[in-house]
Structure formats: structure tokens, C-alpha cells
Amino acid sequence: AEEYFTYTVKPRFDLLGPKYGKLMSAIAKAISSAKATELIRSARENGKVTIDVNGESIAILENELDVRAHDKEGFCAEGEGGYYVVLDTTITPELMLEGIAREMVSKIQNMRREAGFEVEDKIYLYYSGDDTIDRVIKTHGEEIRTDILALSIERTFPPKDCFMREWNINDHKVKIGVKKA
């Protein structure tokens with residue numbers, strides 16, 4: 001799991017404070033300077049960790065440690081009982097294009113409603129945008145066309161006789177025009 005998490009380990013002051021009093025700041029310093037994964041492993045295997053504080057060995061029980069896991073960049077992970085589920089949250093170029101395509105479908109469906117089209121009305125779709133929008137249409141154009149009931153999708157500045165809106169989709173400016181077929 002170390003590949004997907006970073007850990008922080010701190011003493012539980014509510015349990016250790018009454019037990020060790022003035023040594024607490026030295027205990028906290030010793031715990032924070034130790035390698036978290038080694039402390040966790042030792043606590044799980046032995047039920048305790050032994051730390052050196054001012055030349056004295058002190059046993060800290062597993063339940064006296066506050067262990068927190070933090071997801072590493074690009075991952076989301078949960079675990080229990082030694083088993084973990086890890087999701088890779090990296091947005092690939094393919095996922096980015098798919099996300100823009102879905103957002104375009106949503107915007108176009110809203111435009112259809114605004115224009116007063118019936119649900120079953122076929123349309124012509126016109127758009128103008130940057131290279132990313134062109135890649136979205138090239139990759140997902142057929143899905144978009146099917147979802148919005150378009151007879152065609154044309155890359156051209158939307159004609160004046162169609163319902164047109166300008167959108168910013170994931171930082172890509174696009175002009176979209178819809179016209180009832």
C-alpha cells in the first residue's frame with residue numbers, strides 16, 4: 001500500500017499524556033522523526049512499538065498511536081483489514097476527450113430545450129472550436145450525433161438561421177449551433 005499512500009503517525013496525547021506527563025514532547029518528537037511505515041508495521045506485528053526517549057526505552061501500544069493514511073497524488077485508496085482498493089484518478093487524454101464530449105452533449109440537449117425543439121426532432125449541428133474540440137468530434141462524433149439526434153455535424157461557424165450559443169467547456173471555447181431538420 002505504500003505505493004499509493006503516505007502515512008503520518010502521531011502519539012495519542014489523550015492516552016499518553018497522563019501516562020508520561022513531561023516526557024510527552026520528547027515522545028512526540030521521537031515518533032515524528034521515526035519512519036511511519038516501520039512504526040505501523042511494528043505496532044501491527046507486536047501490538048506495540050518501542051522508542052528511545054532520553055536513553056530510556058518506552059513501549060507505546062498500537063492503540064496509543066494516531067495513524068493516518070493520505071492518498072498519493074493521482075490515487076484514491078481505501079483499506080480495511082489489510083485489504084485495499086486503489087483507484088487511479090489520473091485523467092488520461094482519452095478520458096479528457098470523453099468528458100468534453102459528454103459535456104457537449106449536455107450543453108446541446110439544453111440548447112434543444114431552449115430552442116423549443118421536441119424530444120424527437122432531428123437536428124443539424126454546427127460548431128467551431130479549437131483543435132481539442134475537433135479531436136472530440138473526430139473521436140466521439142458518432143456518439144454525440146446519436147445522443148442528440150443530429151443528422152450531421154459540421155465544423156463551420158454556426159449559420160445565422162440556427163439557435164447558437166458560445167460555451168467554455170473545460171477551458172475550450174466552442175460555438176455551437178443547432179437547427180431543426
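We're numbering straight along the sequence, starting at 1.
- Considering all non-hydrogen atoms of both residues, G177 and C162 come closest at CA-SG, 3.8 Å.
- Considering all non-hydrogen atoms of both residues, V9 and A36 come closest at CG2-CB, 3.8 Å.
- The pair R41-E38 does not meet the salt-bridge criterion, since no charged nitrogen lies less than 4.0 angstrom from a carboxylate oxygen.
- Both M96 and I169 are members of a single hydrophobic cluster when ILVMFWY side chains are connected at heavy-atom separations under 4.5 Å.
- Placement of V53 and L39 within a single hydrophobic cluster is found when ILVMFWY residues are connected by side-chain heavy-atom separations under 4.5 Å, directly or transitively.
- Inter-residue side-chain proximity for T146 and E142 is flagged as met; some heavy-atom pair is nearer than 4.5 Å.
- A chain of hydrophobic side-chain contacts below 4.5 Å, direct or via other Ile, Leu, Val, Met, Phe, Trp or Tyr residues, connects I133 to I91.
- More than 12 heavy atoms of other residues, nucleotides or ligands shown are found within 6.0 angstrom of NZ on K72.
- Residues that satisfy the side-chain hydrogen bond (donor to acceptor under 3.5 Å, both in side chains) test with S25, not counting sequence neighbours, are absent from this structure.
- Between R155 and D134, at least one side-chain N (NZ, or NE/NH1/NH2) sits under 4.0 Å from a carboxylate O, which counts as a salt bridge.
- With sequence neighbours excluded, the residues satisfying side-chain contact (heavy atoms from CB on, under 4.5 Å) with M111 are F163, R165, W167, I176, V178.
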For side chain to side chain contact (heavy atoms under 4.5 Å, CB included), just list the numbers for H140 and L97, CA-CA rounded to whole Å, side-chain angles, deciding distance to a tenth of an Å, and then say yes or no. CA-CA 8 Å; H140 297 282; L97 293 178; 4.2 Å; yes
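- M104 CE to N170 CG: the interatomic distance, rounded to the nearest 0.5 Å, is 11.5 Å.
- Under a 3.5 Å cut-off, the side chain of T50 and the backbone N or O of S57 do not form any donor-acceptor pair.
- Considering only heavy atoms from C-beta on, Y7 comes within 4.5 Å of T37 through its side chain.
- We find the CG-CD distance between D52 and E56 to be 9.0 Å, quoted to the nearest 0.5 Å.
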Before you tell me yes or no, could you show the steps for D130 and V174 under side chain to side chain contact (heavy atoms under 4.5 Å, CB included), namely the whole-Å CA-CA distance, both residues' side-chain angles and the distance that decides it to 0.1 Å? CA-CA 7 Å; D130 62 18; V174 61; over 6 Å; no
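- When all heavy atoms of R12 and D14 are compared, the closest pair comes out as NH2-OD2, 2.8 Å.
- The backbone N or O of D147 sits less than 3.5 Å from a side-chain atom of Q109, completing a donor-acceptor pair.
- Annotation: the span from R113 atom CZ to I108 atom CD1 amounts to 12.0 Å, rounded to 0.5 Å.
- Interatomic distance, OG1 of T8 versus CD1 of I40, reported as 8.0 Å (0.5 Å rounding).
- The CG atom of L125 sits 6.5 Å away from the CD1 atom of I137 when rounded to the nearest 0.5 Å.
- Here E62 pairs with nothing under the salt bridge (charged side-chain N to carboxylate O under 4.0 Å, His left out) rule; sequence neighbours left out.
- Minimum heavy-atom separation, I51 to A30: CD1-CB, 4.1 Å.
- Within the 4.5 Å cutoff, side-chain heavy atoms of F117 are placed close to those of K180.
- The side-chain heavy atoms of P11 and M24, taken from C-beta on, include a pair separated by under 4.5 Å.
- In terms of modelled atom types and a separation under 3.5 Å, the side chain of R145 and the main chain of S152 share no donor-acceptor contact.
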Side chain to side chain contact (heavy atoms under 4.5 Å, CB included) assessment of R112 paired with L149: CA-CA 10 Å; R112 287 173 56 92; L149 301 178; 4.1 Å; yes
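- At most 12 non-hydrogen atoms from other residues, nucleotides or ligands lie less than 6.0 angstrom from NZ of K10.
- Linking ILVMFWY side-chain heavy atoms closer than 4.5 Å, directly or via other members, places I58 and F13 in a single hydrophobic cluster.
- Linking Ile, Leu, Val, Met, Phe, Trp and Tyr whenever their side-chain heavy atoms come within less than 4.5 Å puts I123 and V105 in one cluster.
- Residues satisfying the side-chain contact (heavy atoms from CB on, under 4.5 Å) criterion with E118, sequence neighbours excluded, are E120, D121.
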Mind running side chain to side chain contact (heavy atoms under 4.5 Å, CB included) on Y127 and K175 for me, showing each step along the way? CA-CA 5 Å; Y127 79 96; K175 291 181 181 164; over 6 Å; no
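- T92 contributes atom OG1, which lies 8.5 Å from atom CD of E98 (distance to the nearest 0.5 angstrom).
- Looking only at side-chain heavy atoms (C-beta outward), D71 and Y4 stay at 4.5 Å or farther from each other.
- When the salt bridge (charged side-chain N to carboxylate O under 4.0 Å, His left out) test is applied to R68, the partners found at least two apart in sequence or on another chain are D66.
- Environment of NZ in K107: crowded, with over 12 heavy atoms of neighbouring residues, nucleotides or ligands closer than 6.0 Å.
- A donor-acceptor pair under 3.5 Å is absent between the side-chain atoms of T139 and the main chain of V136, judged by distance alone.
- By the 4.5 Å side-chain criterion applied to Ile, Leu, Val, Met, Phe, Trp and Tyr, L151 is assigned to a cluster that also includes Y124, Y126.
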